[in-house]
Amino acid sequence: MTRPILWAHYAPSLFAHSTANTYRGRSMAAERYNAPEREQHWQSVWESRGAFRTTTDPAKPKCYVLEMFPYPSGRIHMGHVRNYTMGDVLARYKRARGFNVLHPMGWDAFGMPAENAAMERQTHPAKWTYANIAAMKAQLKSMGLAIDWTREFATCDPSYYRHQQRLFLDMYAKGLAYRRSSKVNWDPVDQTVLANEQVIDGRGWRSGALVEQRERLQWAFKITEFADDLIEALGTLDKWPEKVRVMQENWIGRSEGLLIRWALDGAAPNGATELEVFTTRPDTLYGASFLAIAPDHPLALAAAEANPAVAAFSEECRRMGTSLATIESAEKKGIDTGIVATHPLDPNWKLPVYVANFILMDYGTGAIFGCPAHDQRDIEFARAYGLPVVPVVAPTDAKARARAIAEIEAGTAYVDDGVMINSQFMDGLDVKAAFNAIADRLEKATLAGKPVAKRKINYRLRDWGISRQRYWGCPIPIIHCGDCGEVPVPVDQLPVKLPEDASFSEPGNPLDRHPTWRHVDCPKCGKPATRETDTMDTFVDSSWYFVRFTDPNADTPVDQAAADYWLPVDQYIGGIEHAILHLLYSRFFTRAMGVAGHLNPKLKEPFAALFTQGMVVHETYKSADGAWLLPTEVRFEGEGDTRRATEISTGKPAQIGSIEKMSKSKKNLVDPDDIIQHYGADCARWFMLSDSPPERDVIWTEAGVAGAGRFIQRLWRLLGEIETKAAPKGTARPAELGPEAMALRRATQKTLDTVGRNIEGLRFNVAVAQLYELSNEVSAALGKADAGLDWALREAVEHLVQMIGPMMPHLAEECWARLGYNTLLADQPWPQVEGALLVDDHVTIAVQVNGKRRDELTVARSAAKEEIEAAALKLESVVRAIEGRPVRKVIVVPQRIVNVVA
RNA sequence: GCGGACGUGGUGGAACUGGUAGACACACAGGACUUAAAAUCCUGAGACGGCAACGUCGUGUGGGUUCGAUUCCCACCGUCCGCACCA
């Protein structure tokens, strides 16, 4: 697939000696630019000079550019190349613009793959992880990223997680971390808790065992404490994609409603006297026809004890839980518990209480009142069990009302706005007024001495459970003592390190079965106690790493001065797959760290701007027998419709499949290493930036990379030609510049202006197009002669090289040296735009007749409306188009357009 | 079902706050150079009609607002993504 370019031997110029003279006098048939060789050279120059080391310096304006740090899987993939290239362009550009730029890199290094590798290959997770980090770091370095590597850290290192344990303890002290009983997916074979995404069709992804729901004491962070603020502050994130903000808002899921207590008749099990339900539609209370509770609701559990039929039904619901049946069985099912409730507005109105399969224990109170006429689920349920359906809301318009009622009778709930009917004192009120009327009334009414109802804001968001029963994660620094209960590990005993001699050969948590690790003395009373063996969710590690980068060597989790200076992150770049969890958790951590005294409480939001880049996609290939093939395993012939693929090893035809996200399973992978070795990092970077808008998917094609490679060689040849045609370095601007020279200068300045703005706006593909345009202009100008053109050429090429710098930094350094400089281009400021040259004194405007373009007109920029109108009407093409009709109106928008209405 | 985004040549895409649609690139065709090829350079190209000048049509479909709509509004079609018994 990747056809290696044959690099001609090209004597490397030593940096210190590479002046223009080194190149002068060489033949015009210049050598090809040897990217791989020169790239290594410049990387070592940057490294030896510490070119990208950053210090905290409040005297300078700062810019914090961050790409989501990688999981050390062992190899980088094209998605990384795209992500880190974008960040690097911005970081280098901002540096050139005079900003003190923080652009760090680290490793999201805890997590299951290391433990799985340990089980499969008998390597210790730490060994596996650090080996992967070393390999990936070398790959990232070969990309030539302007990263301050002195700030690098891995989250699995005790020097990092020690501080995370400190944060946990301080959050614990503030009540933001706590232990509660909650349901987990338990894999009985692997003896482990599974994340939801590890449960496939109700079975463990690894063992295939039927997953059980178990109650277990689990640590959690109180993210719900900030639910309102997390929604509220979304409004301030105007540099975040709308899409992400909407997803977060839905995820938090705020809804305003009413908690209503219903009295139960004496016969309820366990002596229960009331049932509390949550509703967002208290206005429909007169349409109620039943109550329904979740199978795990305490009242349902009590009813199950008394009634075997209820028990059997509840058990059935539990089994359905996570399986695919959830999706298939939209069918509403329930069982009457025999319990009877009294309507809060009418003591004589009795309603049955059902256990129903569509009620979730986790949402609201796990109990509802059913109003079939105005809720689709309730109407399905009511029709299945013969319960009454009474409309209480209807449109005002008579026709619409009749239709709505007919639909309700046919089984479709009416859920839109309207006015109240069949609702006594509320009749005629609109839905919102009815909500308030009934809320006011029920808040004043009492049941057993307490108000019947209270207003409640409910959230879909639940507290963040962080307990994981695994080895390769940050230990939770808590000790359990029989006498003292939960005891925090004293700060001076941190970190609680993972034991190195764990065994991974059997299922279950290695920390649990370690012979000695968990046994300690209670820090409070000194009696034998045990350590918490749960470790933290790896999302915790990534929820504050961007803070740690501001001073990765601080003795405390955060150095206040450094954090105050650098935060928030000015531009965060990563995949859309983290739109919800990672970003929400980081936003929570920023607030929680403020409360716990580790961040300035005024800092609410960690990421001022967010950009979500698209994926890298590629064609897929299958062999005759249906096996996926690597792109390197097929050969192509023909074009378009006649394009055919052949499997190289067998000579049999291969099938060309759809374009999909690069993945191991579909084998449509291109290895960044191969590309960098054959074409160079600059070529990969340039291709990643060209053509596709960064937020959309980019299709990786051989032709596209080759095209990028050709442009690199073209630029290199251009520099060769410039040597004889451009003015020498440092020549003063001549007093006289001819029209060609001026035109080139204008093009140069215009490009400078637009490329800068497009990089700032992350519209890299547009910036690339403009750089192509300028190089085309320069090429064209080479064949011309004009006063001062040699000077204008020099300016154009120097600026071109500087503008290419952030995108193809190695090539740009090489060109910069070839232009005669012995400074680093990476240290050069971005050229100042000469604003005066951005406006031409003549403009070409379109001339329309009745809205159709007929001609164009070049006039002085300052031309008066009347002048333009007169000139337009004289145009032969305009006269022809008017066909003698009277001119009714002429619209002249100066510098834009003329439209003749006839 | 709910929510969001997107629909422009053969392809990826560009077009500032409503003002010359198709920049730039890829692919393609013709030409130059070459013994030949590769590389490179030049030229062409939205569709249809025409030798040409030029004309007609054209930004998913159908309407609307406007002197003027890829851009704003309404309806529909299609594609993609997120959430989904959320009371």
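In what follows, chains are A, B, ... by sequence order, proteins preceding strands, each numbered from 1.
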Novice: Would A:Glu380 and A:Arg377 count as a salt bridge (charged side-chain N to carboxylate O under 4.0 Å, His left out) here? Give the steps.
Specialist: CA-CA 5 Å; A:Glu380 285 168 30; A:Arg377 293 157 300 171; over 6 Å; no
Novice: So, do A:Phe369 and A:Asp378 sit near enough that their side-chain heavy atoms are less than 4.5 Å apart?
Specialist: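 Counting from C-beta outward, A:Phe369 and A:Asp378 never come under 4.5 Å.
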Novice: Between B:rC16 atom P and A:Ile845 atom CD1, what is the distance in whole Å?
Specialist: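 The answer, rounded to whole Å, is 19 Å.
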Novice: Could you check how far CZ of A:Arg710 sits from P of B:rC41, rounded to whole Å?
Specialist: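 Distance, rounded to whole Å: 9 Å.
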Novice: Does the protein touch nucleotides 47-58 of chain B at the base, only the backbone, or not at all? Give it as B, S and - per nucleotide, heavy atoms under 4.0 Å.
Specialist: -------SSSS-
Novice: Stems involving RNA chain B: give each as a range paired with a range, ordered by first number, where a stem means at least three consecutive Watson-Crick or G-U wobble pairs under 3.5 Å.
Specialist: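 So the stems come out as B:1-7 with B:77-83, B:10-12 with B:24-26, B:28-32 with B:40-44, B:46-49 with B:54-57, B:60-64 with B:72-76.
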Novice: Any chance you could list the contact pattern along nucleotides 29-34 of chain B? Use B for base contacts, S for sugar-phosphate-only contacts and - for none, protein heavy atoms under 4.0 Å, 5' to 3'.
Specialist: ------
Novice: Roughly how far apart, to the nearest Å, are B:rU71 and B:rA15 at atom P?
Specialist: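 Going atom to atom, P in each nucleotide, I get 15 Å.
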Novice: Nearest to the side chain of A:Arg717 - B:rC41, B:rA27, B:rC86?
Specialist: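 The closest nucleotide is B:rC41.
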Novice: Calculate the interatomic distance between A:Asn758 atom CG and B:rA15 atom P; express it in whole Å.
Specialist: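 Taking atom P of B:rA15 as the reference, CG of A:Asn758 is at 8 Å.
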Novice: Tell me whether A:His842 contacts the main-chain N or O of A:Val859 through its side chain, where contact means a donor paired with an acceptor under 3.5 Å.
Specialist: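 Side chain of A:His842 to backbone of A:Val859, a donor-acceptor pair under 3.5 Å: no, none is there.
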Novice: Sticking with atom P, work out how far B:rU8 lies from B:rC72, rounded to a whole angstrom.
Specialist: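 Here B:rU8 and B:rC72 have their P atoms 16 Å from each other.
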Novice: Could you go through A:Thr412 and A:Ile379, starting from their C-alpha distance and side-chain angles, then the distance that decides it, and tell me whether this counts as side chain to side chain contact (heavy atoms under 4.5 Å, CB included)?
Specialist: CA-CA 7 Å; A:Thr412 303; A:Ile379 203 168; over 6 Å; no
Novice: Atom CZ of A:Phe687 and atom C1' of B:rC26: how far apart are they, to the nearest Å?
Specialist: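 Nearest whole value for this atom pair: 9 Å.
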Novice: Under 3.5 Å, side chain of A:Asp855 to main-chain N/O of A:Val847, donor-acceptor pair present?
Specialist: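 Pair absent, no side-chain N/O of A:Asp855 close to backbone of A:Val847.
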Novice: Select base, sugar-phosphate, or nothing to describe what A:Glu856 touches, counting heavy atoms under 4.0 Å on all strands.
Specialist: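 Here A:Glu856 touches the bases of the nucleic acid.
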Novice: Kindly indicate, with the supporting measurements, whether the criterion side chain to side chain contact (heavy atoms under 4.5 Å, CB included) is fulfilled by A:Met247 and A:Asn250.
Specialist: CA-CA 5 Å; A:Met247 280 162 74; A:Asn250 292 342; 5.8 Å; no
Novice: Polar pairs (N or O, both sides) under 3.5 Å between protein and nucleotides 63-69 of chain B?
Specialist:
unit_1 : atom_1 : unit_2   : atom_2 : d
B:rC67 : O2'    : A:Asn899 : ND2    : 3.1
B:rC67 : O2     : A:Asn899 : ND2    : 2.7

Novice: Is the shortest heavy-atom distance from the side chain of A:Cys683 to the side chain of A:Ile675 under 4.5 Å?
Specialist: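 With C-beta onward as the side chain, the pair stays apart.
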Novice: Could you list the protein-to-nucleotides 11-14 of chain B atom pairs, N/O on both sides, closer than 3.5 Å?
Specialist:
unit_1 : atom_1 : unit_2   : atom_2 : d
B:rG12 : O2'    : A:Ser692 : OG     : 3.2
B:rG12 : N2     : A:Asp691 : OD1    : 2.9
B:rA14 : OP1    : A:Asn765 : ND2    : 3.3

Novice: Could you measure between the two P atoms, the one in B:rG60 and the one in B:rG55, and give it in whole Å?
Specialist: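 Those two atoms are separated by 25 Å.
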Novice: Do A:Asn776 and A:Arg714 have a side chain donor and acceptor closer than 3.5 Å?
Specialist: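 The answer is yes; a qualifying pair exists.
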Novice: Sticking with atom C1', work out how far B:rA69 lies from B:rC16, rounded to a whole angstrom.
Specialist: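 Those two atoms are separated by 16 Å.
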Novice: Using the C1' atom as the point on both nucleotides, what is the distance between B:rA14 and B:rG4, in whole Å?
Specialist: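 Approximately 25 Å lies between the C1' atom of B:rG4 and that of B:rA14.
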Novice: Contact class for A:Thr365 vs. all strands (heavy atom < 4.0 Å): base, sugar-phosphate, or nothing?
Specialist: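 Result for A:Thr365 = nothing.
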Novice: With the side chain counted from C-beta on, respond yes when A:Ile260 and A:Val452 share a heavy-atom pair under 4.5 Å apart, and no when they do not.
Specialist: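 Heavy-atom side-chain distance check passes, below 4.5 Å.
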Novice: Can you work out whether A:Asn250 or A:Ile897 has the more 5'-proximal nearest nucleotide on RNA chain B?
Specialist: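 The answer here is A:Asn250.
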Novice: Could you please name the option among B:rC85, B:rA87, B:rC24 that lies closest to any side-chain atom of A:Ser255?
Specialist: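 Of B:rC85, B:rA87, B:rC24, B:rA87 is nearest to the side chain of A:Ser255.
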Novice: How many whole angstroms separate atom CZ of A:Phe711 from atom P of B:rC26?
Specialist: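 From A:Phe711 CZ to B:rC26 P: 10 Å.
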Novice: Using the glycosidic torsion, which applies to B:rG9: syn (within 90° of 0) or anti (everything else)?
Specialist: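 Syn conformation for B:rG9.
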Novice: Is any side-chain heavy atom of A:Thr284 less than 4.5 Å from a side-chain heavy atom of A:Val393?
Specialist: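 Touching, per the 4.5 Å side-chain cut-off.
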Novice: Show, in sequence, the C-alpha distance, side-chain angles and deciding distance for A:Tyr354 and A:Phe381, and conclude whether the ring-ring contact (aromatic ring centres under 6.0 Å, His included) test is met.
Specialist: CA-CA 10 Å; A:Tyr354 280 77; A:Phe381 190 79; 5.2 Å; yes
Novice: Between A:Arg757 and A:Glu760, is there a salt bridge with N-O shorter than 4.0 Å?
Specialist: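 Salt bridge: no.
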Novice: Which part of the nucleic acid, if any, lies within contact of A:Arg714, taking any heavy atom under 4.0 Å across all strands shown: a base, the sugar-phosphate backbone alone, or nothing?
Specialist: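 Touches sugar-phosphate only.
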Novice: Please collect all side-chain hydrogen bond (donor to acceptor under 3.5 Å, both in side chains) contacts where either partner lies in residues 762-773 of chain A, sequence neighbours excluded, each pair once.
Specialist: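 Applying side-chain hydrogen bond (donor to acceptor under 3.5 Å, both in side chains) to every pair that reaches into residues 762-773 of chain A, excluding sequence neighbours, yields A:Trp686-A:Tyr772, A:Thr754-A:Gln770, A:Asn758-A:Arg763, A:Asn758-A:Gln770.
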Novice: Whether the side chain of A:Lys332 and the base of B:rC85 hold a donor-acceptor pair under 3.5 Å is what I'd like checked.
Specialist: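 Yes, a donor-acceptor pair under 3.5 Å.
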Novice: For nucleotides B:rG13 and B:rC26, find the distance between their C1' atoms and express it as a whole number of Å.
Specialist: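 Approximately 10 Å lies between the C1' atom of B:rG13 and that of B:rC26.
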Novice: In terms of side-chain heavy atoms of A:Arg377, which of B:rU20, B:rC85, B:rG4 is nearest?
Specialist: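 Nearest to the side-chain atoms of A:Arg377, counting from C-beta on, is B:rC85.
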Novice: I need the CZ-C1' distance between A:Phe358 and B:rA87, as an integer number of Å.
Specialist: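 So the two atoms are 9 Å apart, to the nearest Å.
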Novice: Could you check A:Phe435 against A:Val431 for side chain to side chain contact (heavy atoms under 4.5 Å, CB included), going step by step and ending with a plain yes or no?
Specialist: CA-CA 6 Å; A:Phe435 182 113; A:Val431 164; 5.6 Å; no
Novice: Separation of A:Arg32 atom CZ from B:rA39 atom C1', in whole Å?
Specialist: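 Answer to the nearest Å: 7 Å.
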Novice: Please check if the side chain of A:Asp697 supplies one atom and the backbone of A:Val617 the other of a donor-acceptor pair under 3.5 Å.
Specialist: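 Flag not set: sc A:Asp697 to bb A:Val617 has no pair under 3.5 Å.
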Novice: Considering only side-chain heavy atoms of A:Leu360, which listed nucleotide, B:rC24, B:rA87, B:rU20, is closest?
Specialist: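 Per side-chain heavy atoms of A:Leu360, the pick is B:rA87.
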Novice: Output the rounded distance in Å from CD (A:Glu660) to P (B:rU79).
Specialist: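 Nearest whole value for this atom pair: 16 Å.
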